[in-house]
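Okay, structure first, notes after.
Side chains are part of it too, since the values below use all heavy atoms of this structure and drop only hydrogens, waters and symmetry mates.
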Amino acid sequence: MAPQRTIAPQQKPVTQLTKEALESLEAFASETTGKVREISADKKDQRVRLMRKWNSFFNENYVGLDPERLWIDLCCDDNMAKSYCRVFLQWYVTNSGRLEVCLGPEEHEWKREVTATITIAEVWKCLVVEADSTVLLRKRKEDPTHRKQWVLAYAERDKTGPVADISRVCVASLSSVVGIPIK
């Protein structure tokens, strides 16, 4: 009796495997960081609230200006987009506060909630991360061939790019203009 022949399963060519692996990596790279690293519900709510303030500020004060377009322009290192970001942060500092009951001739006193530049840095960081995980994630999915261009990151160590430029300017200028200490 002749030995039986077994048919080996067809294997995919190496180029096909490489292509599938690259597609898988590209899909992973296009995903929001929220799926990679868990964040607390409070932090996510803070980011959403800040983005809502961002959108309403530009919709109310700059009619015809798309607040989401600013993030895309910021990816292109657009100076006008940087200026709008600084304007928003200055507005946020001067208008973030609450009326508190006080003892004295006046019943209420305006108490600023932003009292240090570190708070502004945290606000800016939250906005950048939220924009990257929403507006820019949509852009990366629309334009996968240029997805690396549609990324903004707030890096503690890397001090280059439009996000770092705005961070540097805000720490220096807002502390003197609005009168909050650098911490």
Which value, rounded to the nearest 0.5 Å, describes the distance between [X] atom [atom1] and [Y] atom [atom2]?
X: Asn61; Y: Ser56; atom1: CG; atom2: OG; answer: 8.5 Å
X: Leu65; Y: Met80; atom1: CG; atom2: CE; answer: 9.0 Å
X: Arg49; Y: Asp42; atom1: CZ; atom2: CG; answer: 8.0 Å
X: Lys44; Y: Ser133; atom1: NZ; atom2: OG; answer: 4.5 Å
X: Leu89; Y: Thr94; atom1: CG; atom2: OG1; answer: 10.5 Å

Is there side-chain contact between [X] and [Y], with at least one heavy-atom pair below 4.5 Å?
X: Thr134; Y: Trp71; value: no
X: Val123; Y: Val93; value: no
X: Cys76; Y: Gln149; value: yes
X: Asp77; Y: Asp165; value: yes

### Query
How are the rings of Trp54 and Phe88 set relative to one another: parallel (under 30°), tilted (30 to 60°) or perpendicular (over 60°)?
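Perpendicular, since the angle between the ring planes exceeds 60°.
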
Closest heavy-atom contact between [X] and [Y]?
X: Ile166; Y: Lys82; result: CD1-CA, 3.9 Å
X: Leu50; Y: Cys126; result: CD1-CB, 3.6 Å
X: Ala81; Y: Leu74; result: CB-N, 3.9 Å

### Query
In chain order, what residues pass the side-chain contact (heavy atoms from CB on, under 4.5 Å) check against Cys75, with sequence neighbours excluded?
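side-chain contact (heavy atoms from CB on, under 4.5 Å) list for Cys75, sorted by chain: Leu136, Trp150, Leu152.
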
### Message
Under the rule for side-chain contact (heavy atoms from CB on, under 4.5 Å), what residues qualify as partners of Asn59, not counting sequence neighbours?
### Response
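With neighbours one apart ignored, the set is Asn55, Pro67.
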
### Message
Under the salt bridge (charged side-chain N to carboxylate O under 4.0 Å, His left out) definition, can you give me all pairs with a residue in residues 55-76, not counting sequence neighbours?
### Response
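Salt bridge (charged side-chain N to carboxylate O under 4.0 Å, His left out) check on residues 55-76 returns Glu68-Arg138, Arg69-Asp73.
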
#### Entry: Cluster overlap Val48 with Val128, hydrophobic side-chain contacts below 4.5 Å
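Each belongs to a different hydrophobic cluster.
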
### Check against side chain to side chain contact (heavy atoms under 4.5 Å, CB included), Val87 and Phe57
CA-CA 10 Å; Val87 166; Phe57 170 77; 3.9 Å; yes

### Message
Measuring centre to centre across the rings, with the benzene-like ring taken for any Trp, is Tyr84 within less than 6.0 Å of Tyr62?
### Response
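Here the rings of Tyr62 and Tyr84 have centres that are less than 6.0 Å from each other.
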
### Message
Between Glu130 and Arg52, does any side-chain N to carboxylate O distance fall below 4.0 Å?
### Response
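Salt bridge flag = no for Arg52 with Glu130.
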
#### Entry: Donor-acceptor under 3.5 Å (Asp143 side chain, Lys139 main chain)
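No.
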
### Query
Any donor and acceptor pair, going by atom type alone, linking the side chain of Arg140 with main-chain N or O of Val135 inside 3.5 Å?
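Side chain of Arg140 to backbone of Val135, a donor-acceptor pair under 3.5 Å: no, none is there.
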
